[in-house]
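Notes for the one structure printed next.
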Amino acid sequence: MKYLGLAYFTPEKFAAMAPDDVKALVSQCPALDEKMRATGKVLVSASLGDLDSWKTLRPRSGKTRVSDGPYTESKEVVGGLFIIEADSHDEALRIASMHPAATLGEEGGWAVELIPMDFYLAR
């Protein structure tokens, strides 16, 4: 079974952190990311770009409408994603718990949401 992991953060909380604290926090991420990838179960891992460059596409009156910003109104936004292929839900949880947003960043509002995938298409 494949699972989508969404790594969230709270922009206001993250922006309120001292620059040195952000640097110290972010410096811990590569080792945790590598630990997660070392399981051999991670198919995709990505960090998303700056919110100011996000676009939303919606169908409106038979045409595609493009607007700025994240697609939902929320205090938390997705900052990264990963896809894992696990033999069980427990294995997926174990692997997802290695992600930096599941173990660090409480002060920045970090969190991970793990979602079973019904459909997955890749090149």
Side-chain angles (χ1 to χ4, degrees):
M1 179 92 186
K2 291 178 180 62
Y3 294 84
L4 172 64
L6 299 176
Y8 289 90
F9 72 101
T10 306
E12 293 79 18
K13 287 183 178 182
F14 205 66
M17 293 174 62
D20 286 343
D21 292 341
V22 171
K23 186 176 180 180
L25 177 63
V26 172
S27 72
Q28 298 175 67
C29 293
L32 291 170
D33 285 334
E34 181 53 37
K35 180 180 176 184
M36 194 174 82
R37 283 191 304 273
T39 66
K41 300 286 187 164
V42 178
L43 303 177
V44 173
S45 181
S47 180
L48 303 182
D50 184 26
L51 289 173
D52 292 336
S53 63
W54 286 28
K55 300 292 181 197
T56 300
L57 292 81
R58 287 187 175 91
R60 293 290 183 261
S61 302
K63 295 184 180 183
T64 302
R65 180 174 169 251
V66 179
S67 61
D68 291 336
Y71 64 96
T72 59
E73 295 291 325
S74 175
K75 291 182 182 180
E76 295 177 326
V77 295
V78 178
L81 63 93
F82 56 92
I83 297 174
I84 54 180
E85 187 166 25
D87 297 327
S88 69
H89 187 71
D90 287 342
E91 181 182 38
L93 286 170
R94 181 182 60 77
I95 295 167
S97 71
M98 297 176 192
H99 191 278
T103 59
L104 303 171
E106 181 178 348
E107 61 277 15
W110 287 11
V112 168
E113 185 172 19
L114 188 64
I115 306 162
M117 297 174 69
D118 288 332
F119 177 76
Y120 178 84
L121 178 64
R123 278 200 301 178

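Atom set for the values below is all heavy atoms of this structure, side chains included, hydrogens, waters and symmetry mates excluded.
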Query - Polar side-chain atom of Ser88 near backbone of Glu91 as donor-acceptor pair, under 3.5 Å - result: yes

Query raised in the report: Got Phe9 and Val78 here, is their nearest side-chain heavy-atom distance under 4.5 Å?
Result: no

Query raised in the report: With a 4.5 Å limit on heavy-atom distance, are the side chains of Pro11 and Leu51 in contact?
Result: yes

Minimum heavy-atom separation for [X] and [Y], please, with both atom names.
X      : Y      : result
Val112 : Ala102 : CG2-N, 3.7 Å
Pro116 : Tyr3   : CA-CD2, 3.6 Å
Arg37  : Ser45  : NH1-OG, 4.4 Å
Ala24  : Ser27  : O-OG, 2.8 Å
Lys35  : Met98  : O-SD, 3.8 Å
Arg58  : Ser67  : NH1-OG, 3.8 Å

To the nearest 0.5 Å, what is the distance between [atom1] ([X]) and [atom2] ([Y])?
X      : Y      : atom1 : atom2 : answer
Leu4   : Ile115 : CG    : CD1   : 5.0 Å
Phe82  : Asp33  : CZ    : CG    : 9.5 Å
Gln28  : Lys23  : CD    : NZ    : 13.5 Å
Ile84  : Ile95  : CD1   : CD1   : 5.0 Å
Leu6   : Glu76  : CG    : CD    : 11.0 Å
Trp110 : Leu104 : CH2   : CG    : 6.0 Å

Query raised in the report: Is it true that Met36 and Ile83 fall in one hydrophobic cluster, defined by side-chain heavy atoms closer than 4.5 Å?
Result: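 No.
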
Report task. Indicate, with yes or no, if Leu48 and Val44 share a hydrophobic cluster defined by side-chain heavy-atom contacts under 4.5 Å among Ile, Leu, Val, Met, Phe, Trp and Tyr. Result -> yes

Query raised in the report: How far apart are the C-alpha atoms of Thr56 and Val66, what are their side-chain angles, what is the distance that settles it, and do they pass the side-chain contact (heavy atoms from CB on, under 4.5 Å) test?
Result: CA-CA 6 Å; Thr56 300; Val66 179; over 6 Å; no

Report task. For Glu34, look at atom CD and say whether over 12 heavy atoms of other residues, nucleotides or ligands are found less than 6.0 Å away. Result -> yes

Requested in this report: Output all residues satisfying salt bridge (charged side-chain N to carboxylate O under 4.0 Å, His left out) with Glu107, sequence neighbours left out; order by chain, then residue number.
Outcome: none

Report task. Show the numbers, then the answer: is there a side-chain contact (heavy atoms from CB on, under 4.5 Å) between Tyr120 and Glu85? Result -> CA-CA 11 Å; Tyr120 178 84; Glu85 187 166 25; over 6 Å; no

**Report entry** side-chain contact (heavy atoms from CB on, under 4.5 Å) assessment of Leu57 paired with Arg65
**Finding:** CA-CA 6 Å; Leu57 292 81; Arg65 180 174 169 251; over 6 Å; no

Report task. Begin with the C-alpha distance, continue with both residues' side-chain angles, and end with the deciding distance and a verdict on side-chain contact (heavy atoms from CB on, under 4.5 Å) for Phe14 and Val22. Result -> CA-CA 8 Å; Phe14 205 66; Val22 171; 3.9 Å; yes

Query - Residues in side-chain hydrogen bond (donor to acceptor under 3.5 Å, both in side chains) contact with Glu113, at least two apart in sequence or another chain - result: Tyr8

Report task. Not counting sequence neighbours, which residues clear side-chain hydrogen bond (donor to acceptor under 3.5 Å, both in side chains) with Asp87? List them please. Result -> Lys41

